[in-house]
Protein chains: 2
Amino acid sequence: MQYLRIKEELIEQIESGLFVARQKLPSERKLAEAFLTTRVTLREALRALESEARIYCEDRRGWFICPEPLRYDPRLTLNFADMAKQQGRIAFTELLQAKQILATKKTAKLLQVPMLTNIYHITRVRYLEKRPVVYVVNYIKADYFAKLLDFDFTQSLTVAYKKHYSLCYQTTYYRISTTSLSGEVALALRATSGSPAMLIERTNYDQKGRLIDCDLEYWRHDALCIESVAELVSQEA
Amino acid sequence: MQYLRIKEELIEQIESGLFVARQKLPSERKLAEAFLTTRVTLREALRALESEARIYCEDRRGWFICPEPLRYDPRLTLNFADMAKQQGRIAFTELLQAKQILATKKTAKLLQVPMLTNIYHITRVRYLEKRPVVYVVNYIKADYFAKLLDFDFTQSLTVAYKKHYSLCYQTTYYRISTTSLSGEVALALRATSGSPAMLIERTNYDQKGRLIDCDLEYWRHDALCIESVAELVSQEA
DNA sequence: GAGTGGTCTAGACCACCCG
DNA sequence: GGGTGGTCTAGACCACTCG
């Protein structure tokens with residue numbers, strides 16, 4: 001089990017402070033040579049470190065040391081910028097696409113509307129310290145938000161809801177699972193196909209209990225940790 | 001990108017119903033031959049399917065189709081057996097170890113007690129349909145629970161707390177992150193070192209706000225999804 | 001243009017599982 | 001005891017990044 005030995009040695013090097021957050025590791029060939037092994041085995045060790053969220057891979061750029069994950073509390077109104085700021089992080093949002101579409105079978109189901117209903121479809125990438133960490137897809141019921149597309153989506157959606165429509169999230173159903181990145185999502189996050197990820201799916205309701213939007217968030221798995229408090233309700237509830 | 005093609009073909013085969021949940025895939029050598037490739041490339045495809053939680057690997061036994069994940073709501077008092085039952089699953093708990101120990105630096109910090117305080121240390125593995133899916137470590141403040149070790153830990157801890165000590169969880173701080181399995185944990189879950197996992201760390205307080213125990217849960221990542229509802233509180237809170 | 005990461009080949013040996 | 005999965009070797013080619 002050479003790759004485990006290599007993994008442990010790299011962990012020591014990381015923890016000793018030889019590498020700092022966001023720093024690039026030496027090239028795979030150099031590491032393989034240093035550990036007297038082949039690239040295949042060396043990459044096995046790197047993959048293990050990746051699963052432990054100690055390093056991450058940028059497609060064709062190399063391996064880097066993970067910074068601290070962002071702490072995410074599902075109970076809070078999710079304003080990415082503020083959440084990052086409160087944790088001393090530098091956030092940035094890039095708009096990939098914002099358009100009005102007709103609900104497909106899948107999106108109709110998500111928003112609980114008939115097929116072919118008008119909905120908005122917004123795709124964004126969010127960055128922490130210039131690293132893309134999450135790919136966000138929003139599906140929004142168009143009838144509550146006339147002219148929504150006029151607004152600036154590099155700002156928070158929830159702020160726009162409140163400011164222009166006096167609506168805000170009251171209740172959120174969410175689902176968190178692990179998955180992997182591929183295709184367009186992987187590309188936007190500079191990840192290779194197959195990189196481990198967390199998927200957060202949310203369905204949001206306003207003060208009146210009306211479903212207003214859904215979002216799908218694909219997080220690089222090392223960039224996030226869920227942290228929250230629960231006041232427990234009994235099992236029978 | 002052969003391995004992506006192979007992955008897609010296997011997904012089709014799975015979705016077509018050619019394989020059913022918990023079924024074993026053909027051996028890696030046979031699959032490699034069928035897809036006209038080498039084992040290395042074939043395994044790349046299998047790893048991708050593993051990250052997507054479509055198949056899982058039992059150490060030295062082979063690859064199997066994932067059953068549905070267990071839905072886990074952090075707001076509920078966590079009684080594994082009942083949770084499983086409610087979802088029509090067959091649950092079983094195996095006790096690995098239950099003993100009294102003196103708090104180490106790490107466990108003292110977790111339980112917010114001085115070092116060398118008496119605490120209980122319980123290690124269990126939980127199964128769904130005979131598959132080990134989560135490795136649970138409990139650290140419990142001993143002074144609230146005289147003679148706790150006399151009880152049956154294949155049953156729920158929370159039931160024992162309530163029945164014998166009239167204590168129950170009121171508030172829980174939890175943290176969910178992704179990691180990978182290794183060592184003893186991997187062994188107990190029949191996983192290979194490096195398998196993707198979710199780690200749930202919880203700190204539990206009773207009705208009087210006293211910290212009573214902590215637990216660390218290492219889940220096979222495909223076996224779990226977090227599903228819950230949040231009533232949102234404002235950002236400023 | 002040099003070097004890099006992503007992908008792939010064609011083998012090999014071993015410990016272990018299962019029949 | 002045969003076949004399996006886990007691990008490893010020693011290469012190779014290509015498209016891409018970066019200086």
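If you're wondering where the values come from, they're calculated on a predicted model, not measured in any experiment.
Side-chain contact, B:Glu28 with B:Trp63: a donor N or O sits under 3.5 Å from an acceptor N or O. Side chain to side chain, A:Tyr173 and B:Glu227 fail the donor-acceptor criterion of an N or O pair below 3.5 Å. Side chains of B:Thr93 and B:Arg126: a donor on one and an acceptor on the other come within 3.5 Å.
For residues 32-44 of chain A, proximity to DNA chain D is found at A:Thr37, A:Thr38, A:Arg39, A:Val40, A:Thr41, defined as any non-hydrogen atom under 4.0 angstrom from a strand atom.
Residues satisfying the side-chain contact (heavy atoms from CB on, under 4.5 Å) test with B:Phe151, not counting sequence neighbours, are B:Leu148, B:His164, B:Tyr165. By the side-chain contact (heavy atoms from CB on, under 4.5 Å) test, B:Val159 is found to be paired with B:Asn79, B:Ser156, residues two or more places apart in sequence or in another chain being considered. Applying the side chain to side chain donor-acceptor pair (under 3.5 Å) criterion to A:Glu15, with sequence neighbours excluded, gives A:Arg54.
Within 6.0 Å of CD in A:Gln87 there are more than 12 heavy atoms belonging to other residues, nucleotides or ligands.
Comment: B:Glu9 engages B:Arg5 in a salt bridge, judged by a side-chain N to carboxylate O separation of less than 4.0 angstrom.
A:Phe80 and A:Trp219 have tilted rings, their planes meeting at an angle from 30° to 60° on a 0 to 90° scale. Classification of the A:Phe64-A:Tyr56 ring pair by plane angle, with boundaries at 30° and 60°, yields parallel.
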Any protein N or O atoms within reach of nucleotides 16-18 of chain D? Criterion: under 3.5 Å, listing atom names and distances.
{"from": "D:dC18", "atom 1": "OP1", "to": "A:Arg61", "atom 2": "NE", "distance (Å)": "3.4"}

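In this structure, B:Lys30 atom NZ and D:dG2 atom C1' are separated by 11 Å, rounded to whole Å.
When DNA chain C is scanned in the 5' to 3' direction for atoms under 4.0 Å from non-hydrogen atoms of chain B, the outermost contacting nucleotides are C:dT7 to C:dC18.
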